[in-house]
Amino acid sequence: MNGGPALPQIYERLLAHFGSQHWWPGDTPFEVMVGAVLTQNTAWTNVEKAILRLRERGLLDASAMLAAPIEILAESIRPAGYYNVKARRLHALCAFLAEQGALSDPYRLRTAADIPTLRQQLLAVHGIGEETADSILLYALDLPSFVVDAYTRRIFTRLGVFTGNESYAAIQARFRDQMPEDLACYNEYHALIVMLGKSICRPGPRCTLCPLRETCGHADRVSD
DNA sequence: ATCCTGGTAA
DNA sequence: TTACCGGGAT
């Protein structure tokens, strides 16, 4: 049916090699939502600079951010890139929180609706696509929605699990069906995928360093 | 010069 | 499907 090694087996190998990542610990749900937007096609180190600038200006709060002029918001997040686009996206996110009566407590979204409904509502917000919606559900709201990103596609296509042509929904469904539907597991798996993707399974892969090379057909086809 | 925990509008 | 948004790190 579907080729390549089983998804739980890959998870165990990555966890054994990299250890627990515990992503986004101790941050407020709103700060995690902001990070999910700012990190779109952007290195996380630059997101951290932008979040620090927002905090300095007292804008790391949904009410304050909603009230802030777009121009000020844009200047604040400049290090994250795409700052004019992302300023509008952050504002749209805050407007959505206001609509939901969650401005003072964004975590309230968690119990406002079931996961599929909440996901659809997030997708309707300007600037929130599938990956960002799932990142918010998983990392800000502690709801088990598997995050699929460019690393996921690249890694599992090289492993032979995917062809590379699958839709976002199809890839997400494979993880949902083959992995236990567990919050900590979804959280950890995506973090491990990012770790592997940026350190080893890069555009120019470093297969000799890869913890998955024994079960990956790609290692034989590249020279490093 | 390439890549980074994408999404929108055309 | 493609153009566009963009500063920062390597």
Side-chain angles (χ1 to χ4, degrees), chain A residues 10-11 14-15 18 20-25 27 29 31-54 56 70-96 119-158 164-169 171-172 175 183 185-206 209 222 224:
Chain A
I10 297 170
Y11 175 72
L14 291 176
L15 187 58
F18 291 114
S20 190
Q21 302 297 303
H22 43 77
W23 258 20
W24 278 317
D27 293 334
E31 185 174 330
V32 177
M33 292 178 189
V34 170
V37 170
L38 292 181
T39 199
Q40 292 168 356
N41 205 38
T42 300
W44 186 253
T45 54
N46 294 337
V47 176
E48 289 180 317
K49 296 177 193 298
I51 287 179
L52 194 61
R53 289 164 63 93
L54 287 171
E56 289 170 354
I70 295 291
E71 186 177 275
I72 297 299
L73 197 47
E75 196 282 327
S76 302
I77 64 174
R78 205 171 85 82
Y82 303 123
Y83 48 88
N84 288 315
V85 169
K86 287 175 179 176
R88 297 187 180 281
R89 291 178 182 182
L90 288 177
H91 190 269
L93 171 63
C94 292
F96 169 70
R119 189 174 191 275
Q120 284 308 116
Q121 291 175 332
L122 286 170
L123 288 175
V125 177
H126 176 87
I128 298 183
E130 293 191 285
E131 182 181 341
T132 305
D134 289 323
S135 294
I136 288 173
L137 291 170
L138 182 61
Y139 291 104
L141 300 178
D142 298 326
L143 296 170
S145 199
F146 201 90
V147 177
V148 176
D149 68 345
Y151 291 140
T152 310
R153 284 182 180 279
R154 183 168 73 215
I155 291 168
F156 289 88
T157 297
R158 285 173 174 169
N165 296 326
E166 289 85 357
S167 67
Y168 186 103
I171 294 175
Q172 187 181 44
F175 282 90
L183 176 66
C185 179
Y186 280 21
N187 184 319
E188 194 65 55
Y189 207 162
H190 176 65
L192 288 166
I193 286 169
V194 173
M195 181 60 60
L196 181 71
K198 72 177 183 182
S199 67
I200 296 173
C201 197
R202 315 198 311 180
R206 303 176 171 180
L209 302 176
V222 296
D224 271 295

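Order of the sequence lines sets the chain letters (A, B, ...), proteins ahead of strands, with each chain counted from 1. Computed from a prediction, not measured in an experiment: that's the story for all the values here.
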Atom-pair distance ([atom1] on [X]; [atom2] on [N]), nearest Å:
X      : N     : atom1 : atom2 : answer
A:Y186 : B:dT5 : OH    : C1'   : 19 Å
A:L93  : B:dT8 : CG    : P     : 13 Å
A:W23  : B:dT5 : CH2   : C1'   : 5 Å
A:L38  : C:dG6 : CG    : C1'   : 13 Å
A:K198 : B:dC3 : NZ    : P     : 17 Å
A:Y82  : C:dC5 : OH    : P     : 10 Å
A:I77  : B:dC4 : CD1   : C1'   : 16 Å

Return the nearest nucleotide to the side chain of [X]; candidates are [options].
X      : options             : answer
A:R154 : B:dC4, C:dG6, C:dG8 : B:dC4
A:H126 : B:dC3, B:dA9, C:dG6 : B:dA9
A:Y151 : C:dG8, B:dT5, B:dG6 : B:dT5
A:K49  : B:dG6, B:dC4, C:dA9 : C:dA9
A:N46  : B:dT8, C:dG8, B:dC4 : C:dG8

How would you label the contact of [X] with the nucleic acid (heavy atoms, under 4.0 Å): base, sugar-phosphate, or nothing?
X      : answer
A:R53  : nothing
A:T42  : base
A:V194 : base
A:A191 : nothing
A:I128 : sugar-phosphate

Tell me if a side-chain donor or acceptor on A:T152 pairs with a main-chain N or O of A:D149 at a distance below 3.5 Å.
yes

Quick check on [N]: is either OP1 or OP2 less than 4.0 Å from any side-chain nitrogen or oxygen of [X]?
X     : N     : answer
A:Y83 : C:dG7 : yes
A:N84 : C:dG6 : yes
A:R78 : C:dC5 : no

Which of parallel (below 30°), tilted (30 to 60°) and perpendicular (above 60°) describes A:H190 and A:Y139?
tilted

What interatomic distance, in whole Å, is found between P of B:dA9 and the corresponding atom of C:dG6?
14 Å

Rounded distance in Å between the C1' positions of C:dA3 and B:dT5
23 Å

What about A:N41, does its side chain sit under 3.5 Å from the base of B:dG7 through a donor-acceptor pair?
no

Starting at the 5' end of DNA chain B, which residue's closest nucleotide do you reach first, A:V125 or A:P203?
A:P203

Between A:E130 and A:G204, just flag the one whose closest nucleotide in DNA chain B comes earlier from the 5' side.
A:G204

Quick one, A:I171 and A:F146 - any side-chain contact, counting heavy atoms below 4.5 Å?
no

Can you check whether A:F175 reaches A:F156 side chain to side chain, under 4.5 Å on heavy atoms?
yes

Looking at A:V147, A:I128, A:L143, which hits side-chain contact (heavy atoms from CB on, under 4.5 Å) with A:I136?
A:I128

Shortest non-hydrogen contact between A:R158 and A:C201, atoms and distance
NH1-SG, 3.2 Å

